[in-house]
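Working notes, structure below.
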Amino acid sequence: MTDEKIVRLTQTVKGAGCAAKLPPGDLDRALCGLDLPVDDNLIVGLERADDAGVYKVSADVALVQTLDFFPPMVDDPYSFGRIAAANALSDVYAMGGTPKTAMNIVAFPAKKLDISVLRAVVDGGLFTLRQAGVVLVGGHTVEDDELKYGLSVTGFIHPERILTKKTLRVGDKLLLTKRLGTGIVCTAIKAGMAGEAITGQVIESMMTLNREAALAMGDYTVSACTDITGFGFLGHLAEMVVDSGAGLRIDSAAVPVYPEALEWADMGLIPAGAYNNRAFRGEFVSFAPDVPQRIQDVLFDPQTSGGLLIVVSAAEAAALRGELLRRGVGAAAIVGEVVAEPQEKIMVE
Ligand code: CO
Ligand code: CO
Ligand code: CO
């Protein structure tokens with residue numbers, strides 16, 4: 001070990017807060033009209049814009065595949081590794097799958113950061129993989145100006161038990177399993193404004209696997225599921241309603257949020273990704289006049305390693321929430337419902 005001075009990881013990243021991804025509209029424009037390979041066994045592919053790809057191997061086994069990586073949104077390298085791994089695994093859980101294997105994706109600025117930082121990041125990732133029962137099978141590291149870390153993850157699923165985004169059943173309830181506002185809080189962390197308590201809470205939430213939530217929903221009549229990440233709560237709901245033949249009604253007062261995020265939203269401490277999300281998906285959303293601006297901002301805030309959004313039959317919603325609470329998913333809340341009209345719209349009340 002060298003005794004190089006401790007570096008605040010978030011200060012080594014140029015972009016602000018959690019939202020380092022390409023604006024969603026730009027990606028659509030780049031990929032639109034490209035000639036995608038076709039295969040009869042591809043059950044969920046790129047054109048569906050779902051959480052993960054699904055490829056059928058046999059009558060009762062399909063592969064679920066996904067990858068995610070990003071620059072650090074927190075200063076502690078070990079925590080960053082745990083967060084990146086929980087985030088990468090989440091898309092498999094959101095499809096109803098069980099993650100099995102993973103590979104590291106690393107970009108490392110060897111001239112700027114001590115190699116012990118890389119070790120701590122990968123060690124954090126390994127901790128989370130052990131929690132998930134996932135085995136690391138390889139990886140790839142390149143030198144870059146900025147640290148980035150994540151994983152490509154492969155899981156298994158029964159081909160008839162895939163939970164996609166758009167299979168909304170009118171009357172079903174929406175359950176959210178983690179609080180919103182991590183993008184805003186990470187922006188405050190980077191700005192040096194977040195105290196220890198809120199920083200610790202948000203890091204703990206981002207490090208928490210969606211595994212318990214996924215195991216819980218396996219026993220209930222769930223019609224659709226996704227995880228809340230970079231597009232924010234309303235951006236991901238917009239993906240659900242498009243071409244679904246249904247709409248959504250959200251009770252904004254019931255949505256779990258970090259109170260600190262609301263205060264920082266009032267001060268304008270909002271990551272650029274939140275504005276991108278609103279610009280890209282705002283047309284699907286109508287806010288009742290009494291929904292405060294700060295709540296609207298948090299509902300578009302890009303999340304890192306956010307919770308699952310579970311669409312469950314109305315009759316079982318309270319029981320599933322109880323099961324989630326028993327499993328330690330303490331923020332779980334019923335936040336809205338699937339409605340027949342207006343189609344392809346989200347009404348936030
Ligand atoms: Co996802
Ligand atoms: Co993803
Ligand atoms: Co899904």
Side-chain angles (χ1 to χ4, degrees), residues 18-24 27-28 31 43-55 62-70 73 83-99 102 105 128 132 134 149-157 161-168 174-180 182-183 205-215 217 222-244 248 273-274 276-277 280-281 284 299-311 329 335 346:
C18 293
K21 63 195 294 177
L22 200 64
L27 183 61
D28 277 8
L31 301 185
I43 306 176
V44 179
L46 252 186
E47 73 295 340
R48 294 268 295 271
D50 219 299
D51 293 301
V54 183
Y55 188 88
L63 297 179
V64 188
Q65 296 181 293
T66 178
L67 78 84
D68 228 322
F69 68 115
F70 42 48
M73 71 298 297
I83 292 166
N87 182 74
L89 290 161
S90 177
D91 280 324
V92 176
Y93 294 125
M95 299 302 283
T98 306
I105 305 156
T128 298
V134 171
Y149 173 65
L151 301 109
S152 84
V153 181
T154 299
F156 295 164
I157 195 168
R161 271 178 239 139
I162 300 164
L163 294 172
T164 60
K165 288 182 180 176
K166 298 183 195 302
T167 40
L168 301 173
L174 309 180
L175 256 157
L176 179 64
T177 67
K178 286 187 187 179
R179 289 204 232 178
L180 301 179
T182 62
S205 172
M206 293 190 294
M207 292 191 309
T208 301
L209 286 170
N210 283 325
R211 182 169 187 260
E212 287 300 319
L215 288 171
M217 76 175 171
V222 171
S223 58
C225 182
T226 193
D227 60 336
I228 306 301
T229 53
F231 295 156
F233 178 73
L234 289 174
H236 288 281
L237 292 188
E239 292 189 320
M240 293 184 112
V241 293
V242 175
D243 301 326
S244 71
L248 298 172
N276 293 339
N277 289 340
F280 186 59
R281 293 303 199 184
F284 292 93
L299 295 179
F300 278 113
D301 181 43
Q303 303 301 287
T304 297
S305 190
L308 295 186
L309 190 286
I310 304 171
V311 186
V329 186
V335 298
I346 303 161

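Indexing begins at 1, ligand by ligand and atom by atom, following the structure's order. Quantities reported herein were computed from a predicted structural model and do not represent experimental measurements.
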N, O or S atom within D227 nearest to the Co ion (ligand 1), by name
OD1
Without hydrogens or angle criteria, can the side chains of N87 and T304 be said to hold a donor-acceptor pair below 3.5 Å?
no
Report yes or no: does K166 contribute a side-chain atom to a donor-acceptor pair with the main-chain N or O of D243 at less than 3.5 Å?
no
Hey, which N, O or S atom on D91 ends up closest to the Co ion (ligand 1)?
OD1
Would you call M73 and T182 a side-chain contact if the rule is heavy atoms closer than 4.5 Å?
no
Indicate yes or no for a side-chain donor-acceptor contact from D91 to the backbone of D227 under 3.5 Å, with no hydrogens or angles considered.
no
Please find the N/O/S atom of D51 nearest to the Co ion (ligand 1) and write down its name.
OD1
